[in-house]
K.L.:
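Have a look at this one before I ask anything.
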Number of protein chains: 2
Amino acid sequence: METAEIIKKLRDNGFKITKIRKSIINHLTNCKSPVSVKELLNELKILGTKANKSTIYREMKFLKDNSYIVETQFEDRKKRFEISSDHHHHLVCEICGRIQKAKDCLVSKIEKRIKANQGFLVKKHRLEFFGVCSICQH
Amino acid sequence: METAEIIKKLRDNGFKITKIRKSIINHLTNCKSPVSVKELLNELKILGTKANKSTIYREMKFLKDNSYIVETQFEDRKKRFEISSDHHHHLVCEICGRIQKAKDCLVSKIEKRIKANQGFLVKKHRLEFFGVCSICQH
DNA sequence: CTGATTGCAAACATTTTGCATGCTG
DNA sequence: CAGCATGCAAAATGTTTGCAATCAG
């Protein structure tokens, strides 16, 4: 989803469009990989729209609660956020740190087996891969 | 792996066996689900072997670095630890909080596809399921 | 003008670290 | 007795909250 599209949705839903909100959404849509609050803070500062960390955290909560973004957590302590789009998983390179999307998700089969074998009804899952990206293999 | 077995391994590798270390290992082997540091602190206190939180954190690091335990993180902020055994995933009930093991892991197929399609070499993955356990479905 | 948004400082939760002391082997 | 293990206090890290000031609609 593009920035303009999200902004329109927000406006249609009666939410205010502030400079900071716009900058955050803009940065998130430009980023291909999940972004941390610290990264957002720095990025906004560079772009001349500096915001307080509380603001960013509150904005992340707001955007998440309204399903504009999703939250992921990898091996480190911090949460990362990315624009909601197609359901996908991540390939985290343990060497360069680059994060890419996995092209497809085959977990639904596994979920069916879990229901059949153990009676547990899966509502959502989290799957992340760690390894070496094609660039770092050479 | 049982407590005695782990203790033996530790001793064979020249590590010291202290009261706290033994208690921690004992509790971890008795627990079927991943345990947090706070839980361990409480448990040890109840069992009369109270330890400082730094000690527990250091012990978790030690046991993890030596592959006696593995670390997992769910939706909350804290890490949880469990004895290394067969590779498995977790079924986290969003209602009662109970955590059970998924009976099998079918991710290797997915990993092969990732290598074929995207060239990314997966070294490890993390997969957790959230939903409703069979008990809470009624 | 009204309520959502923001900044600031302080609180909070979890984890880590430095240093002096104690205990295992 | 040497060196790992421990306790304590303090720091580091990431996140949340209360309150007063500001801004968008």
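In what follows, every chain begins at residue 1, and chains take the letters A, B, ... in the order their sequences are listed. Owing to the predicted nature of the structure, the values given are computational and were not obtained by experimental measurement.
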K.L.:
When you check the gap from the basic side-chain N to the acidic O, do A:Glu82 and A:Lys101 get nearer than 4.0 Å?
P.N.:
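A salt bridge is absent here (no side-chain N lies under 4.0 Å from a carboxylate O).
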K.L.:
Take atom CG of A:Leu40 and atom P of C:dT6, then tell me their distance rounded to the nearest Å.
P.N.:
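Result: 13 Å.
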K.L.:
Taking DNA chain C as the partner, which of residues 6-28 of chain A come within under 4.0 angstrom of it by heavy atom?
P.N.:
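A:Lys16, A:Thr18, A:Ile20, A:Arg21, in order of number.
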K.L.:
To 10°, what angle do the rotation axes through the five end pairs on each side of the helix from C:dC1-D:dG25 to C:dG25-D:dC1 form?
P.N.:
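End axes: 30° apart.
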K.L.:
Report the C-alpha separation of B:Ile25 and B:Leu10 in whole Å, then their side-chain angles, then the decisive distance to 0.1 Å, and conclude whether the side chain to side chain contact (heavy atoms under 4.5 Å, CB included) test is met.
P.N.:
CA-CA 11 Å; B:Ile25 292 170; B:Leu10 282 167; 3.4 Å; yes
K.L.:
Which whole-number value in Å describes the distance from A:Gln73 CD to C:dT15 P?
P.N.:
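In whole Å, C:dT15 P lies 11 Å from A:Gln73 CD.
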K.L.:
Verify, without hydrogens or angle tests, whether A:Arg11 (side chain) and A:Ile17 (backbone) share a donor-acceptor contact under 3.5 angstrom.
P.N.:
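Not a single qualifying donor-acceptor pair exists.
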K.L.:
Within this structure, what is the CG-to-C1' distance between B:Leu44 and D:dT6, rounded to whole angstrom?
P.N.:
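In whole Å, D:dT6 C1' lies 13 Å from B:Leu44 CG.
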K.L.:
List in chain and number order the residues that pass ring pair (Phe, Tyr, Trp, His ring centres under 6.0 Å) with B:Phe74, two or more places apart in sequence or in another chain; answer none if no residue qualifies.
P.N.:
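Once residues adjacent in sequence are excluded, the partners of B:Phe74 under the ring pair (Phe, Tyr, Trp, His ring centres under 6.0 Å) criterion are B:His90.
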K.L.:
Mind checking the NE2-CD1 spacing from A:His125 to A:Ile110? Nearest 0.5 Å is all I need.
P.N.:
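Answer rounded to 0.5 Å: 8.5 Å.
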K.L.:
Using a 4.5 Å cut-off on heavy atoms from C-beta on, say whether the side chain of B:His87 contacts that of B:Lys124.
P.N.:
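No, their side chains stay 4.5 Å or more apart.
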K.L.:
For every nucleotide of nucleotides 8-14 of chain C, 5' to 3': is a protein heavy atom under 4.0 Å from its base (B), only from its sugar-phosphate (S), or from neither (-)?
P.N.:
BB---BB
K.L.:
Taking side chain to side chain contact (heavy atoms under 4.5 Å, CB included) as the definition, give me every residue that meets it alongside A:Cys31, ordered by chain and number, with sequence neighbours left out.
P.N.:
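Once residues adjacent in sequence are excluded, the partners of A:Cys31 under the side chain to side chain contact (heavy atoms under 4.5 Å, CB included) criterion are A:His27, A:Val35.
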K.L.:
Specify whether B:Phe62 and B:Phe15 have parallel, tilted or perpendicular ring planes, treating 30° as the upper limit for parallel and 60° as the lower limit for perpendicular.
P.N.:
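Perpendicular, since the angle between the ring planes exceeds 60°.
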K.L.:
Return the CG to NZ distance between A:Asn13 and A:Lys9, rounded to the nearest 0.5 Å.
P.N.:
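Those atoms lie 8.5 Å apart.
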K.L.:
Distance from B:Leu47 atom CG to B:Asn42 atom CG, nearest 0.5 Å?
P.N.:
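Nearest 0.5 Å value for the CG-CG distance: 10.5 Å.
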K.L.:
Between atom CZ in A:Phe81 and atom P in D:dG14, what is the gap in whole Å?
P.N.:
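From A:Phe81 CZ to D:dG14 P: 13 Å.
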K.L.:
Quick one: does any side-chain atom of A:Ser84 pair with a main-chain N or O of A:Tyr68 as donor and acceptor, under 3.5 Å?
P.N.:
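It does hold such a pair.
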K.L.:
Distance-only, no hydrogens or angles: does the B:Glu111 side chain make a donor-acceptor pair with backbone N or O of B:Lys115 under 3.5 Å?
P.N.:
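No: the side chain of B:Glu111 does not pair with the backbone of B:Lys115.
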K.L.:
Can you list, in residue-number order, the parts of residues 61-68 of chain B that come under 4.0 Å of DNA chain C, counting heavy atoms only?
P.N.:
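Here the set is empty: none.
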K.L.:
Indicate yes or no: does A:Lys78 engage A:Glu39 in a salt bridge with an N to O separation below 4.0 Å.
P.N.:
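A:Glu39 and A:Lys78: not salt-bridged.
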